[in-house]
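First comes the structure, then the notes that go with it.
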4 protein chains.
Amino acid sequence: MRREERRAHILACALEVFAQKGYHSSSVSDIIKKAGVARGTFYLYFKSKRTVFDELLDDLFALLHTKVKRIDPSRGSVGVVAQMQSNIDAVMGCLIDNRPMLRLLMAGVAGLDSSFDKKLTEFYDRLVELTQHSLVQGHDMKVIRSVNVKIVSLCIIGTIKEVLYQIAMGRKMPNREILVKEILDYGLRGLLVPETASKLGFLSKRSTR
Amino acid sequence: MRREERRAHILACALEVFAQKGYHSSSVSDIIKKAGVARGTFYLYFKSKRTVFDELLDDLFALLHTKVKRIDPSRGSVGVVAQMQSNIDAVMGCLIDNRPMLRLLMAGVAGLDSSFDKKLTEFYDRLVELTQHSLVQGHDMKVIRSVNVKIVSLCIIGTIKEVLYQIAMGRKMPNREILVKEILDYGLRGLLVPETASKLGFLSKRSTR
Amino acid sequence: MRREERRAHILACALEVFAQKGYHSSSVSDIIKKAGVARGTFYLYFKSKRTVFDELLDDLFALLHTKVKRIDPSRGSVGVVAQMQSNIDAVMGCLIDNRPMLRLLMAGVAGLDSSFDKKLTEFYDRLVELTQHSLVQGHDMKVIRSVNVKIVSLCIIGTIKEVLYQIAMGRKMPNREILVKEILDYGLRGLLVPETASKLGFLSKRSTR
Amino acid sequence: MRREERRAHILACALEVFAQKGYHSSSVSDIIKKAGVARGTFYLYFKSKRTVFDELLDDLFALLHTKVKRIDPSRGSVGVVAQMQSNIDAVMGCLIDNRPMLRLLMAGVAGLDSSFDKKLTEFYDRLVELTQHSLVQGHDMKVIRSVNVKIVSLCIIGTIKEVLYQIAMGRKMPNREILVKEILDYGLRGLLVPETASKLGFLSKRSTR
DNA sequence: GATGAATGAGGCTTCATTCAT
DNA sequence: CATGAATGAAGCCTCATTCAT
């Protein structure tokens with residue numbers, strides 16, 4: 001068991017280092033210094049610097065996957081909204097409680113580095129797909145109006161990501177409940193007061209695609 | 001004037017290189033090869049690789065700042081919405097037409113490099129501030145309902161960023177008009193059909209902060 | 001006795017590893033993996049990787065020394081030649097039958113590692129000395145013509161070494177008897193047909209040194 | 001032109017280092033220290049440590065190839081022998097005058113390292129092939145008796161290699177002319193005095209293969 | 001100004017050896 | 001005795017930056 005502990009320790013230190021300086025600016029030296037182990041020890045547990053990063057990302061993705069549940073429509077419109085809220089709440093809660101992981105995820109976004117992209121892209125794609133599914137479900141139940149699900153699902157993900165990004169950057173933010181409520185509220189109701197909405201003619205139907 | 005041209009040429013090449021491979025994976029060699037100048041020449045015009053990146057980012061920020069106009073409330077509610085749309089349209093249009101700049105911006109997000117975080121943070125802060133201002137303005141005009149402007153402005157920025165991110169990653173997207181209309185629509189009206197909104201009790205007033 | 005067995009086992013495994021990959025490319029990990037012992041165990045029996053190699057070389061040299069007999073001149077010229085043949089036969093036979101040892105010997109030549117040059121040099125020196133002795137003996141018996149024994153003994157060793165080298169490299173070769181006969185024949189008679197030899201004036205006497 | 005000089009200088013230093021310590025035990029640090037250049041400079045001229053070694057080997061092989069001429073049979077038996085002598089003389093002369101190259105070649109023999117093998121093997125194969133060709137030629141002219149050309153050509157190469165090996169190891173040897181004459185003499189006439197040869201029945205014909 | 005050869009700090013990784021259990 | 005985790009010196013290579021021409 002000692003062995004797993006050691007490994008976990010190095011992994012945790014690597015996470016902190018990566019979260020602080022980003023992948024490229026972090027050196028193996030940084031990691032082992034923080035972990036208090038010798039250079040060789042690091043390579044005893046991990047094949048390479050890159051491997052560690054991948055493992056952290058994998059862990060993070062796995063964690064998030066357990067947090068996001070597919071929407072079950074059988075519980076009615078109130079239930080659906082509650083489930084959406086629950087998903088957002090779970091994801092944000094878990095990342096806010098794990099700042100290093102959050103920073104890692106946001107640093108990951110950095111992408112453009114072609115090699116990290118695939119994993120990250122896959123992850124977000126799945127998130128987007130789940131969101132799209134929820135939108136279609138909601139539309140079928142006549143809870144959600146006709147929207148371009150592709151674009152709107154990105155908008156939803158985007159709102160969450162941006163708030164998390166600010167938190168990752170160290171910005172002071174209201175506590176989670178308020179964040180979630182406000183994000184959800186924004187997503188569901190938008191900005192307008194109803195009268196204005198109708199006055200502005202925002203009531204035309206459009207196709208789901 | 002020859003001097004300024006040369007400088008601009010190197011800068012443009014650097015932009016392309018950074019956009020293609022990201023900051024860390026781009027080498028000075030890549031840049032001078034693309035620019036067709038000698039290594040020493042590069043350092044004649046720029047203090048360091050980092051300087052070039054910073055300057056590009058500055059240029060980008062300056063460009064975007066010219067695109068985003070402060071909302072003028074004197075033109076009534078319809079006018080305010082139109083101005084918001086115009087802002088979003090301008091930002092997206094300019095970045096979609098300048099893919100390298102777009103990629104640079106998105107790559108920048110990645111860094112977490114602490115040193116250019118600051119610049120990026122400042123930039124987004126200004127954007128957020130402008131958005132907040134618009135929200136307050138809209139609320140005063142009773143066009144916009146009471147929201148937590150801090151959070152909601154992030155949500156608005158987030159939706160735009162995410163769509164742009166997908167474009168930067170090379171994803172096929174609908175054309176700009178559709179994107180802007182959908183994003184704006186989402187932001188203003190949200191997802192719900194009005195009946196559901198009222199049924200779900202989404203009509204309570206809350207303070208602007 | 002258990003102890004000696006374990007030691008011999010590790011040694012044997014090391015031999016195989018060295019023979020397969022050469023000294024430098026063989027790691028202690030390779031050896032212990034093949035031997036199925038722990039890393040620490042290896043160092044319980046041997047001071048270092050180098051020590052093992054040295055010991056193997058020593059064993060090899062010792063083995064070869066038992067194969068090479070000093071020529072006994074009392075059995076007449078036919079006997080002397082037969083003894084030379086027997087020596088060559090013994091050496092080649094033993095190495096051909098022990099491919100790993102053969103490869104080790106040939107790999108050893110490679111080193112130029114200054115430190116085990118000495119051992120190798122000593123070994124060959126003894127071989128050369130034995131050969132020189134035989135030549136002098138043969139010359140005294142008027143079986144062998146006057147030659148520069150120093151050079152010619154190297155030539156003799158060289159012919160054997162080269163053929164063995166090819167075998168070590170995995171080249172297909174005729175079987176041992178043919179090899180030995182041909183090598184011996186070459187060494188004793190040379191290449192020329194007798195008539196040509198005389199025609200070319202290859203009959204002058206020269207001193208033994 | 002400066003450029004080529006620098007390159008040649010580093011190459012020469014590398015040769016000395018490799019010759020002294022062998023490929024594996026030589027580090028890039030050793031080479032640049034001897035050459036008096038910075039680490040980066042080394043990699044400015046050569047892609048890797050291995051590349052330098054390969055280039056040296058290639059140069060050596062190219063050099064030797066210019067020294068070894070295919071035997072021209074039109075000049076009669078005396079001419080053929082003279083050409084053989086000339087070949088041996090040229091090869092030995094050039095290597096004796098270039099001790100580092102000689103040591104490199106001999107260290108190369110070390111082989112068993114699988115990666116160097118191919119080039120070295122090819123080189124020796126060509127040498128052996130040339131020798132075989134000469135033997136067949138000589139046999140056709142009835143200058144050379146029937147021998148197993150495959151084995152005997154190895155023997156010939158072996159004699160030369162071994163003498164060179166001793167020189168590489170720093171052994172004092174007679175000067176080149178004596179060496180060549182003795183080696184050639186050994187190869188052509190063998191060891192026996194003619195009377196003994198016939199007495200021992202060394203006159204039977206055998207097939208060339 | 002322009003060039004490009006030279007620099008050397010610093011990065012990643014391997015592996016022979018040690019030592020606490 | 002046996003184990004295998006831990007060590008850290010040492011190796012190879014890259015690349016941003018400098019400087020003599």
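By convention in this document, chain letters (A, B, ...) are assigned in the order of the sequence lines, proteins followed by strands, and residues within each chain are numbered from 1.
The side chain of B:Val28 approaches F:dT17 more closely than any other nucleotide in the set F:dT17, E:dT17, F:dA5. Which of F:dA2, F:dT17, E:dG1 sits closest to the side chain of B:Leu44 comes down to E:dG1. Taking only side-chain atoms of B:Arg39, from C-beta outward, the nucleotide of E:dT3, F:dT14, F:dA16 with the closest atom is F:dA16.
Between D:Arg7 and D:Glu55 a salt bridge is recorded (basic side-chain N to carboxylate O distance below 4.0 Å). With respect to A:Asp30 and A:Lys34, no salt bridge is recorded, no charged nitrogen being found less than 4.0 Å from a carboxylate O.
In this structure, B:Thr51 reaches neither bases nor backbone, as no heavy-atom distance under 4.0 Å exists between it and the strands shown. The residue A:Ser27 sits close only to the backbone: its heavy atoms come under 4.0 Å of sugar-phosphate atoms, none of a base. Using a 4.0 Å heavy-atom distance criterion, B:Tyr45 is classed as a sugar-phosphate-only contact.
The nearest heavy atom of DNA chain F to C:Gly40 and to A:Ala38 marks one nucleotide each, and the one closer to the 5' end goes with C:Gly40. In terms of position along DNA chain E, the nucleotide closest to B:Val37 lies nearer the 5' end than the nucleotide closest to the other residue of the pair B:Val37 and A:Lys49. The residue among C:Phe42 and B:Gly36 whose nearest nucleotide of DNA chain E is located toward the 5' end is B:Gly36.
Distance, A:Tyr43 OH to F:dA9 C1': 15 Å, rounded to whole Å. Taking atom CZ on D:Arg7 and atom P on E:dG4, their separation rounds to 18 Å, with Å as the unit. Per the geometry, CD belonging to A:Glu5 stands 14 Å off P belonging to F:dA5, to the nearest Å. In this entry the distance linking CD1 of A:Ile10 with C1' of F:dA6 reads 10 Å, nearest Å. In this structure, NZ of A:Lys33 is placed 16 Å from P of F:dT7, rounded to the nearest angstrom. Distance A:Arg50 CZ to E:dT13 P: 11 Å, rounded to the nearest Å. In this structure, CZ of D:Arg2 is placed 13 Å from C1' of F:dA20, rounded to the nearest angstrom. When rounded to the nearest whole Å, the span between CD1 of A:Ile31 and P of E:dC12 equals 8 Å.
Listed pair B:Thr41 / E:dT3 meets the phosphate criterion, a side-chain N or O lying under 4.0 Å from OP1 or OP2. Between B:Arg3 and the phosphate of E:dG1, there is a side-chain N or O to OP1/OP2 separation shorter than 4.0 Å.
In this structure, D:Lys49 contributes its side chain and D:Tyr23 its backbone to a donor-acceptor pair below 3.5 Å.
Side-chain N/O atoms of B:Thr41 and B:Arg6 include no donor and acceptor closer than 3.5 Å.
Ring centers of A:Phe123 and A:His65: under 6.0 Å apart, within the cut-off.
When both pairing distances are held under 3.5 Å, F:dT3 makes a Watson-Crick or G-U pair with E:dA20.
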